[in-house]
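Whatever order the structure lists them in is the order used to number ligands and atoms, beginning at 1. Bear in mind the structure is a predicted one, so any value in this text is a computation, not a measurement.
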Amino acid sequence: MQKLLVITIMLVLATPGCLDSLKDDLVSCDNITGQCRYEILRANEYSTIHLEINYVTGNSPDSDALNLLKQRIKEVTDKSTVTVSQNSFGSTQNSYTLEEILEIENEERSRFKSGNTFVIHILYLNGEYKDNDQTLGLAYSGTSFVMFKEKIEDAAFLLISAKDIEKSVIVHEFGHLLGLVNNGYQSPHDHEDPQHPHHSNNEESVMYWAIESQDIANQIDGEPPNNFDSYDLDDLNLMKQGKL
Ligand SMILES: [Zn+2]
């Protein structure tokens, strides 16, 4: 008992310096949604993006949705390579608070940006978001977002498949990591919806607010958009050029 205590105290005393420098590396832009946009868009610091996906068993990502996300990343960023890893884990919950989502990421996430690779963490959960049960997806940090697979399946309706909705939601949440719309920068274009901050006022943009809402069926005619519109793309180009 005594010995253990001594060892514990020594560890605590010995590590603060290391922890601090580790923290500096990890904090930077990572804690705030949209703040890593330059690191994600440009290739000067990180030439590769790795998508680390952890999903609750039975709620794995749709492969077409993942392929579309990879395609969009290649289209809008300067990255030369996008890699993916996927792992499943068990969960006994069916409703998650933001705090619980952060805890799960903390437990499941194994990779952070290092070397030439920027890492985006995508959590696929069963059940619903406790703070808003209409939520299909949520970007909650500079490098991570969550997808609610069962809610996406529930949101499917006669003419639009769950797969089409998942494609839109995954690109939408990635768009939030890029700062869209007006999250940490000010667009020269008037395309932010005043009723829904950080979302596009254009129904044909993937950044339209209803994309991540279970109300998507009532808000959108036909297939939901899964691409950025010209104003979104112009914002991203200006960011890459250092003008935003
Ligand atoms: Zn959104």
In chain order, what residues pass the ring pair (Phe, Tyr, Trp, His ring centres under 6.0 Å) check against His176, with sequence neighbours excluded? His172, His199
Residues passing the ring pair (Phe, Tyr, Trp, His ring centres under 6.0 Å) test with Phe118, sequence neighbours excluded, are Tyr46
Under a 4.0 Å threshold between the charged nitrogen and the carboxylate oxygen, would Lys163 count as salt-bridged to Glu166? no
Determine, for Asp30 against Lys113, whether the closest basic-nitrogen to carboxylate-oxygen distance falls under 4.0 angstrom. yes
Side chain to side chain contact (heavy atoms under 4.5 Å, CB included) against Thr117, all qualifying residues, sequence neighbours excluded: Thr48, His50, Arg111, Val119
Would you call the rings of Tyr231 and His189 parallel, tilted or perpendicular, taking 30° and 60° as the class edges? parallel
Using a cut-off of 2.8 Å, find all protein N, O or S atoms closer to the Zn ion (ligand 1) than that distance. His172 NE2, His176 NE2, His199 NE2, Glu212 OE1, Glu212 OE2
